[in-house]
Amino acid sequence: MSADEQRRSPLDEDEPDPRLLLRWVSDAIRPYVGWILIGCGAVVMLIGYFGVSREAIPAKQIPYLVSGGIGGVFLAVVGAYFLGTQEMRKDSGRLDRLEQMVEELHGALLRRADAPSISGTNGSSASSAALAPARRVAVVDGGEMFHRLRCAMVDGKDELEELTPAAARKRGLRPCPVCTPVPSDVTV
């Protein structure tokens, strides 16, 4: 047991994780910070514009252009970054939840009694055969990957060798990303 674990009491386990609180606060204020920065950038650019418009000599306009123009644009870009990354985080979270739901549905459908047979022996359709792991795979001589027998990547190749997925893996070959001859959750 580490010293940290020894100092913790059973009551500490009921306390919320401070990192989760900080992440929640960060997610909650991030859009407001973005809009505030964009607004500040607009104000700085406006101040720079008024400074430039009051000066007739171009040499005296340069400080206003630099501080107002570049500083304002920088603040606006940083604000837009905050807003954009917040939207990307939201979309990423939505996609993660969607992927999880699809995986759960897929797992539930495959556990049903009327699910298609993976072996493909009792007259299963071509679509269920496409989802089932390949019993035999094709390997091109000198290739680094193994494929389904009807994969477009090996279609028309003359020097094909048929193997089991386990034998192909023993040779150090990787599964084809196009035809996915063996699902990633199936061990061979």
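One is the number of the first residue; the rest follow in order along the sequence.
Through side-chain heavy atoms spaced under 4.5 Å, either directly or across other Ile, Leu, Val, Met, Phe, Trp or Tyr residues, V43 is tied to I47.
Under the 4.5 Å side-chain heavy-atom criterion for Ile, Leu, Val, Met, Phe, Trp and Tyr, V44 and V33 are members of the same hydrophobic cluster. Using a 4.5 Å cut-off between side-chain heavy atoms of Ile, Leu, Val, Met, Phe, Trp and Tyr, with links allowed through other members, I38 and I36 fall into different hydrophobic clusters. When hydrophobic clusters are built by joining Ile, Leu, Val, Met, Phe, Trp and Tyr residues whose side-chain heavy atoms come closer than 4.5 Å, directly or via intermediates, L149 is not grouped with V139. In terms of hydrophobic clustering, with Ile, Leu, Val, Met, Phe, Trp and Tyr side chains grouped at heavy-atom distances under 4.5 Å, F82 and F74 are assigned to a common cluster.
In plain terms, the two heavy atoms of S53 and F50 that are nearest each other are OG-O, 2.9 Å. Of all heavy-atom pairs spanning V137 and A168, the tightest one is CG2-CB, 4.2 Å. Considering all non-hydrogen atoms of both residues, F146 and P175 come closest at CE2-N, 3.5 Å. Of all the heavy atoms in M45 and G69, the pair that sits closest is CG-O, 4.2 Å. Here the closest heavy-atom approach between residue Q86 and residue P31 is recorded as CG-CG, 4.0 Å.
Rounded to the nearest 0.5 angstrom, Y32 OH and L83 CG are separated by 11.5 Å. Here the CZ atom belonging to R97 is positioned 8.0 Å from the CE atom belonging to M101, to the nearest 0.5 angstrom. Here the CG atom belonging to L98 is positioned 10.0 Å from the CD atom belonging to E103, to the nearest 0.5 angstrom. With rounding to the nearest 0.5 Å, the separation of CD1 in I62 from CD in E55 is 11.5 Å. For the atom pair NE2 of H147 and CZ of R174, the computed distance is 9.5 Å after rounding to the nearest 0.5 Å.
The side chain to side chain donor-acceptor pair (under 3.5 Å) search around T85 returns R30, not counting sequence neighbours.
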Under 3.5 Å, which donor-acceptor pairs do the side chains of residues 152-163 form with other protein atoms, sequence neighbours left out?
unit_1	atom_1	unit_2	atom_2	d
E161	OE1	R171	NH1	3.1
E161	OE2	R171	NH2	2.8

Working for side chain to side chain contact (heavy atoms under 4.5 Å, CB included), residues T164 and R136: CA-CA 5 Å; T164 63; R136 302 291 286 174; 3.5 Å; yes
